[in-house]
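Below: the structure, in structure tokens.
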Amino acid sequence: MRRDVSSELIEKLDVEKVSGLLDIPEHRITGAIQRKTLQYVRGKQDLFRFDKPISGIEAGTCIFIKPFDVVRGFPKIPRALILHPGIASHFPTCEKVAVEEKMNGYNVRVALIDDEIAGLTRGGFVCPYTTEKARELVGCDFFLQHPDLVLCGEMVGPDSPYVPKSIYDIESLEFFVFDIREKLTGKPMPVKTRRRLVDEYGLRSVRLFGEYDVEKAHTEIAGIIRGFGMSLNEGVVIKDPEMLLSPVKYTSSMSNCADLRYAFEFYNDYGRDFFFPRVCREAFQAVEWNETEDKLEERCRMLGQSILMPMIKTIRKKKDGGRITETVQIRVRNLNTAREFEEHLRLLGVDAIFEEPEKTGDGYLVRIHKKYHSTSDKTESILRGELWS
Ligand code: ATP
Ligand code: MG
């Protein structure tokens, strides 16, 4: 008789141990495996990943099987839509808040797994490219002394296969730490202690703008965001210096519009989820900043352009017989990493074409074309005369 797939998976996991360590009832763990909320991922290091949060355990939490290890997911950061009284009401027990730059890249947790450094992406996958970069950029020193800590940070730069950005004057890819947490509990370190530790190991931290009185923070933050001007700096993350309360994020209109421009180029793949919250952010910011008619007009024009122009570009491209793709690039030392990354994207369900690697000074540059089928098919069918249903 064929055995149920989920019972085979359940046998791979020490359910009793996980239940004790993470304080989740055993039946919730087995149920989650059956419903595929807790997913098995085969790889160099086999693991279970939480696809969604369960019983207070964050999505993206990884349970490694052999040797057994747990790395908690990176928690969601709520967003303030208005600074005043948003900040003061979120941090009622703090005298001051620390304000750090919110960098725009992708979230990575670097941890020691089975005596080797692994780069985990937000969803709880070990990404082969991120792992190669983490080994280069972070090295082992930190983990020799702190094997039970996780470095959480943003991978930023043009050689990013997930969120490529050229706004920071970074040549390839850099790792900026914004949190140090305990592997098993996810407990974060206070801001100053964390920044000192990062410095000690010669690693990079995200920029700290300063610590401000909670009551005055909204004015300072508005100044910081306005100070970004036309540049595409994303925004700030406001933190309890002791990290007892959850941080809060606040972003600029320029980066909001940049996100929309990106999403609407692939409108049928991303557009919907992007649209509504981003319009709300613009409206609240406009009111809080008490904008003049001219400023409001400018904001409306920017928002409209960010939505329509990329869609028009996509429709024209399709009309001319082009393909709807996004080109990203990775820079690897070892060609194996590129091959493993190709496999990884397949696992994530991303359809991508990898160009032939180009030899560079100390490695290879590989261009990758990600295909957006939903946008491509929808646009094509409408251009053929089909109706929007
Ligand atoms: P979330 O699930 O937290 O809402 P999201 O995918 O919507 O995340 P963002 O809107 O980019 O992501 O905001 C949160 C992310 O910002 C974090 O997951 C982290 O990767 C990133 N980030 C960048 N700079 C910082 C910083 N200084 N402190 C904390 N997080 C930062
Ligand atoms: Mg982000």
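As a basis for the values below, the full set of heavy atoms in this structure was taken, side chains included, without hydrogen atoms, waters or symmetry mates. As the structure lists them, so they are numbered: ligands from 1, and atoms in each ligand from 1.
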Under 4.0 Å from a heavy atom of [X]: which atoms of ligand 1 are those, numbered in the order shown and with their elements?
{"X": "N107", "result": "17 (C), 18 (O), 19 (C), 20 (O)"}
{"X": "E100", "result": "27 (N)"}
{"X": "E154", "result": "19 (C), 20 (O), 21 (C), 22 (N), 23 (C)"}
{"X": "F74", "result": "17 (C), 18 (O)"}
{"X": "K239", "result": "26 (C), 27 (N), 28 (N), 29 (C)"}

Among K249, R122, M155, closest by heavy atom to atom 7 (O) of ligand 1 is K249

With respect to atom 27 (N) of ligand 1, which of R79, M103, E101, E58 exhibits the smallest heavy-atom separation? E101

Give the contacting part of I77 toward ligand 1: side chain, backbone, both or neither, where contact means a heavy-atom distance below 4.0 Å. both

Using heavy atoms and a threshold below 4.0 Å, how should the contact between Y106 and ligand 1 be classified: side chain, backbone, both, or neither? neither

Are [X] and [Y] close enough for a salt bridge, meaning some N to O gap below 4.0 Å?
{"X": "R339", "Y": "E342", "result": "no"}
{"X": "K249", "Y": "E234", "result": "no"}
{"X": "D362", "Y": "R333", "result": "yes"}

Give the residue, atom name and distance (to 0.1 Å) of the protein heavy atom nearest [atom].
{"atom": "atom 16 (O) of ligand 1", "value": "K102 NZ, 3.3 Å"}
{"atom": "atom 25 (C) of ligand 1", "value": "F178 CD2, 3.4 Å"}
{"atom": "atom 2 (O) of ligand 1", "value": "K76 NZ, 2.8 Å"}

Show which side-chain atoms of residues 204-212 pair as donor or acceptor with protein atoms under 3.5 Å away, not counting sequence neighbours.
| residue | atom | partner | partner atom | Å |
| --- | --- | --- | --- | --- |
| R204 | NH1 | E174 | OE1 | 3.3 |
| R207 | NE | E101 | OE1 | 3.2 |
| R207 | NH2 | E101 | OE1 | 3.1 |
| Y212 | OH | F209 | O | 3.2 |

Relative to the ring of F266, is the ring of Y262 parallel (under 30°), tilted (30 to 60°) or perpendicular (over 60°)? perpendicular

Within the 3.5 Å criterion, strictly below it, is a donor on T130 or Y106 matched to an acceptor on the partner's side chain? yes

Donor-acceptor pair, side chain of Y129 and main chain of R331, under 3.5 angstrom: yes

Sequence neighbours excluded, which residues qualify as salt bridge (charged side-chain N to carboxylate O under 4.0 Å, His left out) partners of R42? none

